[in-house]
Amino acid sequence: MSKLARCSLATAAVVPWCALRLCVRGFSSTAYRRANASIFDNEPARPAVCTSIPGPRSQEAIKELDRVFDTRSLNMLVDYDKSRGNYIADVTATFFSMWKPLRFAQISSIPLGYNNPRLAEVASSRAMVSAIINRPALGNFPPSGWAETLRTGILRAAPKGLNQIFASTTGSDANETAYKAAFIWRRARDRGGKPFSAEELDSAMVNQPPGAPKYSILSFAGGFHGRLFGSLSTTHSKAIHKLDIPAFDWPVAPFPRLKYPLSDHVAENKSEEECCLQEVERIITSFHNPVVAAVIEPIQSEGGDNHASPSYFRRLREITKRHNLLLIVDEVQTGVGATGKFWAHEHWGLEIPPDMVTFSKKAQVAGFFYADTSLRPDKPYRQFNTWMGDPVRALLFREIYDEVERLGLVEKTAVVGKYLYTKLEQLAARYPGEIHNLRGKDRGTFLAWDSPRRDEVLKLAKTRGVHMGGCGETTVRLRPMLIFQEEHVQNFRGWPWITYGESQDRRICYIGGQVLRELTRAHPGCSIAALIRNNETAGRISDAFPKVRTVVGDLDDAELVEREASQASVVLPYWIQISGASGLAAPELASPSFAPGSASSVVYDDLTGIEDIRALVRAYLSRAVNNYLLDVAAQTPSIKTALVWPPVIYGAGEGPVNQRSIQVPTLARATLERGHPVKVAEGLNRWGNIHVRDLGRLICSLVYKALRGDQRQELWGENGIYLAVAGEMSFAELSERISRAALEQKLINSEQIEALEPSSADTVLPYATVFYGTNARGKARRASELLGWNPHEEPLETDVPIAVAEEAKRRAQERGD
Ligand SMILES: Cc1ncc(COP(=O)(O)O)c(C=O)c1O
């Protein structure tokens, strides 16, 4: 540490893209080792992506297939012979792309890996061959061992308290048959043991009550229960699934929208859940079509990985019981171990089990469990179809269950999930702008987060051999198999942290490139090392700055970072950290009454108001890296730290990798794409701004002071917070200026500024409420009075038309114009 603080011009080394290692929260090392024992012997060591995905042969084959089969949803054509364990192989000739599908194993439906040897063995057993070639219609002609197959297989996995099974074929029909069971049960109860009336029999034939009663199933906004006719009426994740299909007149209750991190929003979340439950009760008692059952997912999966607390579900169980409703828990996606329990609803601690639990996907076989035999219709053939499930799948599931038990895969998934969550938590602390609402703590590997640039990040991950997926609007979700282990997290590049790092690299390269330019210009004698994540970027840095030593490595490589940092006199950006001025907006963002787009008179002064800024950082522990730096400053004053907070950065950067800033180009892009300018609400809010070259100079001045050994207290540590501001502008004015420039350049036709609703602005501009809806106003007095720094580049007003022209050019290039 003391070496880091040492200042000497001769040996100065700077590590511009290095990031801080945050402490990994530990968990039991025995559990860790257990989770780490190898499960799948002949898996590749890591993914290899040698082609585009899909690969060239795959693309050819897809074209051919498309002539007879809709291929628009295809990821690639798979070579199942070459796929192993967690890895899936694309069909290619000499090239070979191998993915590790984290999101979908495949659609959350592969539990034990590709070409699992135990399953292969069962597949060639006599019972299996017989089941395949003689496919029994189970309702009429089950094989003699069917009871045994059920008892030793599916029923061993039955949730506590449920001992009956109805077998079906898919998740959708598992749900639909459960709904049918509920309706038949309810009508039998209402009928009070009487036989069917003639009127019932007649009216049923023309879809009218009383034979076809107007009962309903209650489902939840954001839920997904399938795409068949009945199940679709309970699906509410995306309109496109439902469009053009007639639906039942059934009620939809709100599902809680929890705020994260959960520990910071306990009271709010509790009240949100309570409101939603009250609404459930209101619907049950007042909906015009009597509600017979409620269907719910333990974690709304397709709808965006939305969670609710165990107490919410316990209350829901209590409400359904009190109103004599059946509770159907749809475990089609959450079931079979991924949440760290075999069934996700085991997390709730229910006193009375659900009435029915539906399953499919990783179980291979589908259906629903229940206990109350009155859920069996009073007559045969009322719940019936040709196959009534599939003994082939039932035999497979028996082996899957044995393997899950033998290898302790549910427990392992819980442990690996904790590890994964810890890594993601670190990632979220490192990239707070990129990872929001991390969820799935203590829910195994069933993890998700919101990512404003979700699709870009997913694409990048794919090129690194990792298949993550999206759900909801902006959610990234992980759905690895049960054989996914800690070694898979560690062993290769391409993980989300690398992915975020790489895309972040491009952004950081904007400032980092400028800082390198300034440093090499101002201190040609200084020896500089730059930590870069990949060879390509490193090559470009070396070409542009031949004297800079590039070190290719990852920030998780503690040894490398420590070794490099220990040889350096100044370490950027972390002992001198460049952070975001959105920190100044933290109180607004935390205030429920804040209206994005409204003005504020609060202007921070980094000289006379340094305590206010420090208090601001301390009040928001979620700004983890800022707080860490202040901790270091307080506990180890010998380390000279500084925090630089630039607001809107504009102007073309002079680095070799990325010359584009973010806020102004993104606003310009939205204007060009929509054909008119936009702002968040009234746009009266204001941010300071600074030209990237002025920012580079400011950082360079700090480096210079550090190298010179300037120990003045006002410069470093708890006082060393620098608001890097040159000018200031409201977002309404910025939009107007962009509009004027775009009109003058004949890029748009309308100057009418669209005022975006804050609630939907994020869909037009990433982070709209934060980056375009808040106030971040400050004065850069510390740099000016103590470092002698003064901005002298052209103001933002002058840069706007240039930024608009640049964005138009970039757009045209992207479109191949
Ligand atoms: C929770 C849930 N229920 C039901 C279904 C429908 O299953 P299937 O596609 O097998 O009909 C799905 C599918 O994704 C699901 O996630």
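One-based numbering, in listed order, for ligands and for the atoms of each. Only a predicted model underlies this, so the values are computations on that prediction, with no experimental measurement involved.
Arg376 and Gln164 are linked by a side-chain donor-acceptor pair at a separation below 3.5 angstrom, with hydrogens and angles left out of the test. In the model, His241 has a side-chain atom that pairs as donor or acceptor with a side-chain atom of Arg227 under 3.5 Å. Using a 3.5 Å distance cut-off with no hydrogens or angles, the side chains of Ser231 and Asn175 do not pair a donor with an acceptor. Side chains of Asp66 and Thr71: a donor-acceptor N/O pair is present below 3.5 angstrom, by distance only. Looking only at atom types and distance, the side chain of His307 has no donor-acceptor partner in the side chain of Gln300 under 3.5 Å away.
Of the polar atoms of Glu297, none of the N or O atoms is found under 3.5 Å from an N or O of ligand 1, judged by distance alone. The N/O atoms of Gln333, backbone and side chain alike, include one that comes under 3.5 Å of an N/O atom in ligand 1. In terms of polar-atom proximity, defined here as any N/O pair under 3.5 Å, Ser172 does make such a contact with ligand 1. In terms of N/O distances under 3.5 Å, ligand 1 is approached by Asp330. Considering backbone and side-chain atoms together, Val332 places no N or O closer than 3.5 Å to any N or O of ligand 1.
For atom 10 (O) of ligand 1, the nearest protein heavy atom (residue, atom name, distance) is Gly171 N, 2.9 Å. Nearest protein heavy-atom neighbour of atom 15 (C) of ligand 1: Phe224 CD2, 3.6 Å. In this structure, atom 14 (O) of ligand 1 lies nearest to the protein heavy atom Lys361 NZ, 2.9 Å.
Ligand-side atoms of ligand 1 in range of Gly226: 4 (C), 6 (C), range being under 4.0 angstrom from any heavy atom.
Contacts with ligand 1 closer than 4.0 Å are made by side-chain heavy atoms of Asn175 only, the backbone lying farther away.
Ion pairing between a basic and an acidic side chain is recognised when a charged N comes within 4.0 Å of a carboxylate O; Glu279 and Arg282 show such pairing.
In this structure, Glu473 places its CD atom where only 12 or fewer heavy-atom neighbours from other residues, nucleotides or ligands lie under 6.0 Å away.
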